[in-house]
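Per chain, numbering begins at 1; letters A, B, ... match sequence-line order. Because only heavy atoms are used, hydrogens play no part in the values below, and waters and symmetry mates are left out as well, while side chains stay in.
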Amino acid sequence: MKNALTIIPLRVVFQIIKYGKMGRQTTLKIGVHELKLRFWLIDINYQIINREPNILMWGVSESGERVLVVDRRFRPYFYVVPRKGVDIEMLKAKIMKLNNVRSPILSLEAVEKKYYGKPIKVLKLVTLMPDQVPAYREAIKNIPEVEDCLEADIRFYMRYLIDNDVQPSGWNEAEVVEHPSPLKASVDKQYILTGNIRRVESSILPQLKTVSFDIEVLNPLGNPRPEKDPIIIVSVVADGKSKVQFIADGNDDKPVIKSFVEFIRKLDPDIIAGYNSNGFDWPYLVSRGKHVGIKINVNRFGGEPHPSVYGHISIIGRANVDLYDFAEELTEVKVKSLENVADYLGVMEKDKRILIDWTEMAEYWNDPSKRPIFIKYAMQDAESTQGLAEKFIPFGIQLSSLTGLPLDQVVAAAVGFRVEWFLMREAYKQNELVPNRIERPYSTYKGAIVLEPKRGMHENIAVLDFTSMYPSIMIKYNISPDTYVGTDENIPEHMVWKAPEVGHKFLKSPPGFFTRVLKALIELRAKLKEDLKRLSPDSPEYRVIDERQRAVKVLTNAMYGYLGWTGARWYCKPAAEAITAWGRELITKAIDIARGLGLKVIYGDTDSLFVSYVPGKIDELIRLVREELGFEIKVDKVYKRVFFTEAKKRYCGLLIDGKVDIVGFEAVRGDWAEIAKEVQERVVNILLREGSVEKAVEYVKGVVDDVRNHKLPLSKLIIWKTLSKKLSEYEVEAPHVAAARKIVERGGKISAGEKIGYVIVKGSGKLSNRAYPYFMVKMEDIDSEYYIDRQIIPAVLRILGYFGVTEKTLRLGREPSKQRTLFDFFASGRKK
DNA sequence: GCCTTGAAGTTACCG
DNA sequence: ACCGGTAACTTCAAGGCG
């Protein structure tokens with residue numbers, strides 16, 4: 001069955017083939033068999049061939065062949081919106097005067113579209129070459145009768161995907177013939193589209209050839225220079241198992257680069273995965289290649305990787321995926337090194353692998369006895385990368401087919417752009433025009449409510465939350481840019497929903513663009529979840545559909561934020577503002593209902609409420625919220641004990657299943673020293689599980705002692721902070737900025753977005769002066785008192801302070817009289 | 001000139 | 001380059017004092 005014929009001869013069509021050099025073309029009409037080809041789309045681009053734009057779709061056929069499907073027929077276009085009252089035929093004539101042989105207007109027709117839900121007649125201008133679109137736009141938008149030009153900034157191949165409903169990272173069916181004049185491309189078969197192309201729904205993935213790789217550069221200062229520093233090792237994992245390494249002989253890396261390039265060309269992978277490969281490996285390979293005279297011609301056209309949209313590197317015909325892009329969304333991992341992420345995901349345990357800091361690399365490489373360890377380390381990096389690829393790429397594939405962005409782009413694109421491409425596809429299907437992206441000043445609006453927590457230890461607390469609060473609000477009140485009723489519009493009150501506090505109005509009907517999209521997304525997710533129930537959790541389809549429902553969820557939840565993003569095409573501040581206003585009203589009313597039932601409300605944030613766990617009353621609360629407010633609320637979790645300080649957004653609790661939750665505190669932040677986080681976590685555990693303040697205090701004292709005596713690894717003292725902008729842009733010399741400068745002074749390279757790991761050394765004056773990059777410092781230089789006074793004690797007192805523990809106690813000795821047991825502090829349930 | 005204080009700058013979290 | 005709300009740290013400059 002696997003080798004079943006997938007290319008079915010359909011009918012004989014007449015194919016017009018042009019050949020010959022420019023200006024001397026001969027046309028030939030021949031009969032060829034048209035076939036129906038099913039292929040999974042990996043990448044798409046376009047190329048001008050014979051003075052025509054050709055859409056090139058790179059994919060895998062059902063029978064596992066690499067295919068290139070070419071469509072020569074598609075032409076770029078955009079819309080011209082006439083000003084009110086302008087005669088469209090007159091405008092058409094005026095625009096046609098711009099027509100010329102060099103950039104011909106292929107057609108200019110009036111079409112009926114909708115713009116923000118309103119019917120509108122616009123002109124659709126079709127040109128020959130994609131680059132003529134912006135040229136015509138610039139010329140036309142200044143015509144006095146023209147209101148605006150729309151959709152003139154959509155990349156040609158994206159236009160193609162949208163208009164033909166072709167899905168990247170998914171199956172498509174195309175009516176094709178074998179390409180009469182195949183291009184020089186590394187594929188098994190080439191076809192040319194003669195009929196239709198359409199998407200095919202399927203939860204089966206093709207066998208994709210995947211390669212994971214990692215390069216090692218000998219860099220003495222942490223600042224690899226392509227003119228000098230060789231690529232000493234390239235490690236590769238092919239198809240999830242075969243491991244290959246290219247290792248330099250001495251410092252000559254020419255053979256390494258050359259054989260790696262040959263290897264890729266020969267293996268011809270569909271997906272190439274790296275870790276920070278957009279930021280480092282590919283750019284370095286290309287510039288180093290340039291320096292030593294080797295072309296990194298690894299794309300399916302025999303060309304080099306090149307920088308493309310969203311800061312990613314494009315390799316034509318393949319999906320070049322930088323797994324770091326996924327890691328960025330893993331908020332649990334604070335320092336996103338490959339080994340940390342792999343460890344977190346269970347791909348490769350950190351303490352069971354070789355770790356070599358870049359500072360030690362030269363030493364390992366130059367010492368013949370240590371070099372094998374270094375080589376093994378490099379291989380482990382590629383293996384970790386491969387492990388990450390297996391964890392992340394299935395989700396990326398679903399995001400890609402859902403949003404319509406090619407895999408390599410969707411991974412690199414920010415959330416806002418993913419939402420936007422999804423919306424643009426929907427807009428096309430619904431005959432809606434896409435608004436232009438315009439530059440707007442940043443603008444704020446009021447957000448959610450956060451309740452003042454009831455300080456102290458509470459027992460038996462349920463956490464209730466609204467199910468998808470913002471999407472539900474959007475659907476219920478039909479909030480969308482096209483249903484928004486401006487203050488100058490006169491619409492009867494009964495026809496609109498009016499937001500509390502802010503007073504923004506939205507038409508009750510018809511359903512707006514966002515409402516329709518959200519309903520469809522929510523229905524789709526429900527359907528996918530149903531499908532999951534019918535599948536075995538170990539089946540490949542289960543994984544595919546599960547990742548798909550996750551992708552749908554992510555998109556649904558980002559819809560509100562998108563409306564409030566000033567960079568959004570469908571930006572609509574009143575809509576975003578109304579959503580949060582209704583959200584505030586909702587939670588306030590829910591609190592009132594809870595209190596009315598006699599439930600104590602301990603805390604709440606945006607869409608959640610912490611209330612005393614009285615099952616009967618909770619059920620009643622859920623019912624009342626459903627019936628009186630029209631929203632769904634559910635019990636998310638139940639705490640046996642939960643502890644709040646006076647601070648919002650910070651609490652810790654013991655769940656009924658025995659798990660300890662820490663929210664917001666230092667222990668879950670990435671910018672505190674590991675030792676402080678570790679101690680705080682342990683203290684929280686002792687307190688919540690055992691209820692012993694004394695035990696916690698004793699434990700802290702022990703650690704304080706260890707720190708004083710330097711009885712811990714330096715790594716636990718490193719404070720990691722992101723350098724969010726260029727060094728020159730800082731107004732204040734913060735410690736991590738000062739540490740970063742010290743790296744630069746030493747010859748290292750630091751760029752915006754990097755995490756700086758620093759420690760505080762002994763001395764006087766500003767902290768910044770005493771902040772040094774961790775690799776420049778020895779344990780004996782460490783200022784232990786800083787770590788005790790400004791890291792461990794504050795983190796610990798945040799919790800223990802409530803129980804009467806003082807700084808003095810922790811530093812010097814105990815004050816038993818002042819300490820009470822945990823059970824003296826229950827703020828509820830004990831004093832009847 | 002020294003010390004206190006509060007504003008400003010900065011980061012990372014919560015939902 | 002999805003939102004606002006929030007805690008907490010360090011720096012920095014202004015203001016008070018002598």
**Asked** Do A:R516 and A:Q430 have side-chain atoms, one donor and one acceptor, less than 3.5 Å apart?
**Response**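 Checked: A:R516/A:Q430 side chains pair up, N/O donor to acceptor below 3.5 Å.
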**Message:** Can you list, in residue-number order, the parts of residues 468-480 of chain A that come under 4.0 Å of DNA chain B, counting heavy atoms only?
**Reply:**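 None - not one residue of the stretch has a heavy atom sitting under 4.0 Å from the strand.
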**Asked** So which pairs with a foot in residues 464-480 of chain A pass salt bridge (charged side-chain N to carboxylate O under 4.0 Å, His left out), sequence neighbours left out?
**Response**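 Pairs touching residues 464-480 of chain A that pass the test: A:D465-A:K634.
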**Request:** Determine, for nucleotides 4-9 of chain C in 5'-to-3' order, which nucleotides have protein heavy atoms under 4.0 Å from the base (write B), from only the sugar-phosphate (write S), or from neither (write -).
**Result:** BBSSSS
**Item:** All side chain to side chain contact (heavy atoms under 4.5 Å, CB included) counterparts of A:E452, not counting sequence neighbours
**Value:**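 Result, side chain to side chain contact (heavy atoms under 4.5 Å, CB included) vs A:E452: A:K648.
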**Message:** Which residues pass the side chain to side chain contact (heavy atoms under 4.5 Å, CB included) test with A:A647, not counting sequence neighbours?
**Reply:**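 Residues passing side chain to side chain contact (heavy atoms under 4.5 Å, CB included) with A:A647: A:T645, A:R650.
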So, using salt bridge (charged side-chain N to carboxylate O under 4.0 Å, His left out) as the criterion, who are the partners of [X] when residues are at least two apart?
X	value
A:E754	none
A:E674	none
A:E585	A:K589
A:E332	none

All N/O contacts under 3.5 Å from nucleotides 4-7 of chain B to the protein, with atom names and distances to one decimal?
none

Side-chain donor-acceptor pairs of residues 766-773 of chain A under 3.5 Å, sequence neighbours excluded:
residue: A:S768; atom: OG; partner: A:E733; partner atom: O; Å: 2.5
residue: A:R770; atom: NH1; partner: A:V761; partner atom: O; Å: 3.1
residue: A:R770; atom: NH1; partner: A:D783; partner atom: OD2; Å: 2.7

**Message:** Can you tell me if A:S724 touches the phosphate of B:dT11, counting only side-chain N or O atoms and a distance under 4.0 Å to OP1 or OP2?
**Reply:**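 Yes.
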**Degree of bending in the helix from B:dG1-C:dC17 to B:dG15-C:dC3 once both end axes are built from five pairs, to 10°** =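 Answer rounded to 10°: the end axes differ by 20°.
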